Amino acid sequence: MYRTHTCGDLRLENVGQEVILSGWMQTKRDFGGMTFIDIRDRYGLTQLVFDMEDDQDLCSRARKLGREFVVQIKGTVRERSNKNPNMPTGNVEIEVGEMTILNKSKLPPFTIEDETDGGDELRMTYRYLDLRRKPVQNNIIFRSNVAIATREYLSKEGFIEVETPVLIKSTPEGARDFVVPSRMNKGQFYALPQSPQTFKQLLMVAGLDKYFQIVKCFRDEDLRADRQPEFTQIDCEMAFVTQEEILNTFEGLTKYLFKTCKGIEFNGDFPRMTYDEALRLYGSDKPDTRFGMLFHELNDVAKNKGFKVFDSVELVVGICAPGAASYTRKQLDALVKWVQRPQIGAKGLVYVKCNQDGTFKSTVDKFFDQEALKSWADKMGAKPGDLMLVMAGEVDRARKQLNELRLHLGRELGLMKEGDFKPLWVVDFPLLEWDEDTERFHAMHHPFTSPKKNDIERMLSGDHETMKALRADAYDLVINGSEIGGGSIRIHDRALQSRNFDLLGFTKEEAEAQFGFLLGAFEYGAPPHGGLAFGFDRLVTIMSGQESIRDFIAFPKNNQGRDMMIDAPSPVDQEQLDELGLDLVEE
RNA sequence: GGUGAUGUAGUUCAAUGGUAGAAUGGAGGAUUGUCUAUCCUUCGGUUGCGGGUUCGAGUCCCGUCAUCACCGCCA
C-alpha cells in the first residue's frame, strides 16, 4: 500500500494514528538537529518532522532529498507545538519512522509553487510540471466539475449523450478545415469537424429528440489568447421545440452550473436583447452589460451645425464616461491616440467635459456653443463631472470603434468587477452577411439556420437590402461581453433548405455534393428542430473570472498552433508520405 | 497576410556605445520548532542566431528565428 491518507487529509482527530503518505518533496527546512519537510499531492501539503535525536540515519537521508523527489513515509500523526493556521493540515505533523524514495527527480526548470518563477514558454514546454501547481490544478479540477455538472443537468433533462465521428468530410463553408489524408483512399481526405452540426441534425431526423455531447471541435484559423485550434463545445440539439424552449433549457443549464460550481444564483430570467438593439446600444453583438455607458446617437443634435467632420458622415454617436471629466489633458490625449491606433483605426475623437458649474469644455467649442453641448448632455444623461466621448463615421465602423473605446474605458475606470456575472441573450440575428471580398452572401450563423417565419416569403425577392434585413431564429448567450454560446432553429424542410442554398450562391450540384446526405435525410420526415453549442473552454474561463482559456486546458497549443511540450506538428517519414500518396512541394 | 512588444545566468529581471550585475534557484557548510526558515561560502553567461557600423556593440543598423498581444481571419 502506497498510502493510507492523502497529503490533505490529516487533522487533529488523527493524532496518534500510524499513517502512510506518498507525495512530492515540496520544501525542506533544515535546522541541523531537526528537519521539516512538506510533501505534496493534489490534495494538499503535510509537514513531516525528522529529528536527529530520534533517528540520526533517517534524518540525514531526509536532509539529502531534492526538490520533487517522490517519497513514501510511514509515521505517527502528532499535534504541532507551533501550529500553522494558513494550511488545512497545519495543526498536525508526521513524526516519520520510515522513508522510501519512490523516485528521484531532476531539478525542475522552474519552481513548483503557486507563484512560480517560470515564464509561459517554459511552463508550456514542461506542462506536466506546471500542472503540479495548485492554481493550474484548481483550474483543471474546476473544468471537470463543470463538465460533470453539465452531464448531470442534461441527463436529468432527458438528453442523450451521443458521440459523433471525428473523421468527416470537408466542406468549404465557414472556417478552414483541418484535413487528414486517407491511406486506403489515396488522394482523398477526411476533415476534422468544425462542429458536429450536421450529425446532430441527423440525430434529430433519427428521432433522438434531445442530444448533447461534450465534444472537441477543430478550426484551422489563426489563434488568439482566447482561441485554440482544437476546443471543446457543449453541443446540443432538440426536436419539436421552439426557440423559447431552447433558451429556457440552456438558461436553466447555465444557472445550474453557476449554482453548483460557483454557488452563484441569478435573480430572474436572463435579459434578452435583439441583435439590432445590441449594435445600437453597445456597438457589439456581444455587449458587456456589467456597466452602462450606453451609446447615444447624436445625429439630430450634432449634424448640420457647420462641423464638416460630423456633417459628412452617416452616424455621430457618443458615450458618457461617469466621473471622467477630471481626466487630464494627457489622459485625454492618450485616449485619442488609443482610438487612432491602427487596430482601432479611428480618425479622431471628440470629447466634452461636463464641468461642475454646468458649463462644457470640448474640442469642438468652435462649432458648438454651450447650448448645443447641453443638448448633447441632455440626450446622453451626462451629469457634471462626466466626460462625453463622441465618434463619427460610417455606421458599422463608428459603432465598432466606439465599442472598443467603451470597453477600454470600462477597464480603465474599474467598472468590470470581479465576481460580477451579467448574462444576456442576444436574439434575432441576421440570416445573411454580405462578404465584400467574394461579393456574395454568407450565412451569418450557418447555412441550416431558419429564417424567421415572417421573413420566409421575402427570401427570394432578390433585392440586396431586403436580403440584408432578413432575420433568423438565431441566438447567442453572452456573459460579461464574451460569446459563450450560440445556436438557432434549423431548417427542416428540404425546399426551404434548397432556397437557402440558392441565396448563399450554391448551385444545386454543389449543394448536393456537399450536403446531399443531409438534404436526403430531410426527405424522410425531419422533425422541426434546433439547438445550440456552448464554448466550454470559454465558459469555464469566464466562470472562474479569468481571461486565458489556455489556463483551463490541460495541454494547450501556443499562438502558432504548436504544442510546445510534444513539439507538434512535426515532419513525417518519407515512408508515411509514400503510403498516403503525398508529395511535399519545396517553397 | 499585417502591426507592435519582447529575447541577457537554470529562472525572473537590470545594465549612458566603455569591467555583463541583482534576486531567486543550485552546490557546500552552520543551525533543534520552522512553515518563502535564517546565516556564511561558492558555482553559474555563445547577451536567440547571422551579418554590418564603430577604436569598442547586450545597447545602433539590416536580416532571420522564437515567444506574446492585437488586426485580418474564426459560418
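Keep in mind the model is a prediction, meaning the values are calculated, not measured. A, B, ... follow the sequence lines: proteins, then strands. Residue 1 opens every chain.
For B:rC71, the base has no donor-acceptor partner in the side chain of A:Arg341 [N/O atoms by modelled type, under 3.5 angstrom]. For A:Arg80 against B:rC35, a side-chain N or O and a base N or O form a donor-acceptor pair under 3.5 Å. For A:Asp51 against B:rU32, a side-chain N or O and a base N or O form a donor-acceptor pair under 3.5 Å. The base of B:rU34 sits within donor-acceptor range of the side chain of A:Gln47, with an N or O pair under 3.5 Å. Remark: the A:Arg219 side chain and the B:rC74 base include no donor-acceptor N/O pair separated by less than 3.5 Å.
Screening residues 468-487 of chain A for side-chain hydrogen bond (donor to acceptor under 3.5 Å, both in side chains) gives A:Asp276-A:Arg471, A:Lys452-A:Asp473 as the qualifying pairs, with residues at least two apart or on separate chains.
Distances shorter than 4.0 Å separate none of the side-chain N or O atoms of A:Arg29 from OP1 or OP2 on B:rU34. Contact annotation: A:Asn82 side-chain N/O to B:rC35 OP1/OP2 distance is not under 4.0 Å.
Ranked by how close their nearest RNA chain B nucleotide is to the 5' end, A:Glu53 and A:His442 are led by A:Glu53.
Taking A:Phe441 as the reference, A:Trp434, A:His464 meet the ring pair (Phe, Tyr, Trp, His ring centres under 6.0 Å) condition, with sequence neighbours excluded. Residues satisfying the side chain to side chain donor-acceptor pair (under 3.5 Å) test with A:His445, not counting sequence neighbours, are none. Partners of A:Thr89 under the side chain to side chain donor-acceptor pair (under 3.5 Å) rule, at least two apart in sequence or in another chain, do not exist in this structure. For A:Arg219, the side chain to side chain donor-acceptor pair (under 3.5 Å) test picks out no residue, with sequence neighbours left out. With sequence neighbours excluded, no residue forms a side chain to side chain donor-acceptor pair (under 3.5 Å) with A:Asn91. A:Trp24 pairs by the ring pair (Phe, Tyr, Trp, His ring centres under 6.0 Å) definition with nothing, not counting sequence neighbours. Judged as a ring pair (Phe, Tyr, Trp, His ring centres under 6.0 Å), and not counting sequence neighbours, the contacts of A:Phe501 are A:Phe506, A:Phe515.
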Show me the dot-bracket string of RNA chain B, counting Watson-Crick or G-U pairs under 3.5 Å, with | for pairs to another strand and [ ] for crossing ones. (((((((..((((....[..)))).(((((.......))))).....(((((..]....))))))))))))....
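Using a 4.0 Å cut-off on heavy atoms, the residues of residues 55-67 of chain A that approach RNA chain B are A:Arg63, A:Arg67, listed by number. Applying a 4.0 Å cut-off to non-hydrogen atoms, none of the residues of residues 487-518 of chain A approaches RNA chain B.
Using a 3.5 Å distance cut-off with no hydrogens or angles, the side chains of A:Arg78 and A:Gln17 do not pair a donor with an acceptor.
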If a protein heavy atom is under 4.0 Å from the base, mark B; if only from the sugar-phosphate, S; if neither, -; do that for nucleotides 1-11 of chain B going 5' to 3'. B-B------BS
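Judged by distance alone, the side chain of A:Arg67 and the main-chain N or O of A:Met25 form no donor-acceptor pair under 3.5 Å.
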